[in-house]
Amino acid sequence: MRFLTMATLASVALAGCVTSGPTTGARNGMAAAEAATGVSAANIVAYSANGAGIGGLVIQGVPNVLFYKAASTDKAQLKAAPARICGTRGVASAEDRALEHPEQMPGVRKLVVSCK
């Protein structure tokens, strides 16, 4: 029961950190994601932050995940994104990965960043 309660609280807290979609509210979120990552909002599909740059809430051990359009994303912006996401905390790890199910979002990759 305790695990279920913690999982429920975590999912509620993380729900506010996810940004995606083409609607007006999401466009504002994409601008926030662009500011946090340095990647152009036009190339961001979704951004899930652990709080670095969005909302101010930091959840230790939860990585930031940036889903981006591989073909059109500026490689220099992508390379600089981990340092920008983590800021003064520093980057613990950054991995550019293919999606587990690429057929669901063709042409999209993800950048998984963990901060110190």
Side-chain angles (χ1 to χ4, degrees):
M1 183 66 167
R2 183 175 176 195
F3 178 73
L4 180 60
T5 302
M6 292 297 285
T8 302
L9 289 173
S11 65
V12 169
L14 290 175
C17 298
V18 177
T19 305
S20 67
T23 64
T24 302
R27 268 183 281 183
N28 293 336
M30 288 304 155
E34 179 176 3
T37 66
V39 174
S40 170
N43 292 315
I44 297 174
V45 176
Y47 179 58
S48 176
N50 73 0
I54 296 181
L57 174 68
V58 176
I59 301 172
Q60 195 68 11
V62 177
N64 298 280
V65 183
L66 171 66
F67 293 87
Y68 66 94
K69 298 174 187 174
S72 57
T73 299
D74 182 287
K75 302 307 177 209
Q77 290 177 349
L78 194 60
K79 186 176 180 179
R84 186 163 179 159
I85 289 168
C86 293
T88 58
R89 294 184 299 156
V91 177
S93 68
E95 296 179 62
D96 187 8
R97 301 180 187 168
L99 300 182
E100 287 83 9
H101 303 284
E103 67 280 357
Q104 292 178 352
M105 290 192 293
V108 175
R109 292 186 58 87
K110 66 181 176 179
L111 179 66
V112 181
V113 179
S114 294
C115 303
K116 294 181 182 175

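Residues Met105 and Val45 form a side-chain contact, since some pair of their non-hydrogen atoms from C-beta on lies under 4.5 Å apart.
In this structure, CG on Leu111 lies 9.0 Å from OH on Tyr47, to the nearest 0.5 angstrom. Once rounded to the nearest 0.5 Å, the distance linking CG of Leu66 with NZ of Lys110 reads 11.5 Å. A distance of 11.0 Å separates CZ of Arg109 from OG1 of Thr73, quoted to the nearest 0.5 Å.
The salt bridge (charged side-chain N to carboxylate O under 4.0 Å, His left out) search around Arg84 returns none, not counting sequence neighbours. The side chain to side chain donor-acceptor pair (under 3.5 Å) check on Thr88 picks up nothing, with sequence neighbours excluded.
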In residues 30-40, what donor-acceptor pairs under 3.5 Å come from side-chain atoms, sequence neighbours left out?
residue : atom : partner : partner atom : Å
Glu34   : OE1  : Ala41   : N            : 3.3
Thr37   : OG1  : Ala33   : O            : 2.8
Thr37   : OG1  : Val39   : N            : 3.1
Ser40   : OG   : Ala42   : N            : 3.4

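In terms of heavy atoms, Pro63 sits closest to Val112 at CB-CG1, 3.7 Å. Residues Asp74 and Ala76 come closest through the heavy atom pair OD1-N, 2.8 Å. Arg89 and Lys116 make their closest contact through O-CB, 3.2 Å (heavy atoms, listed as atom of the first residue, atom of the second, distance). Looking at every heavy atom in both residues, Cys86 comes nearest to Val113 through SG-CG1, 3.7 Å.
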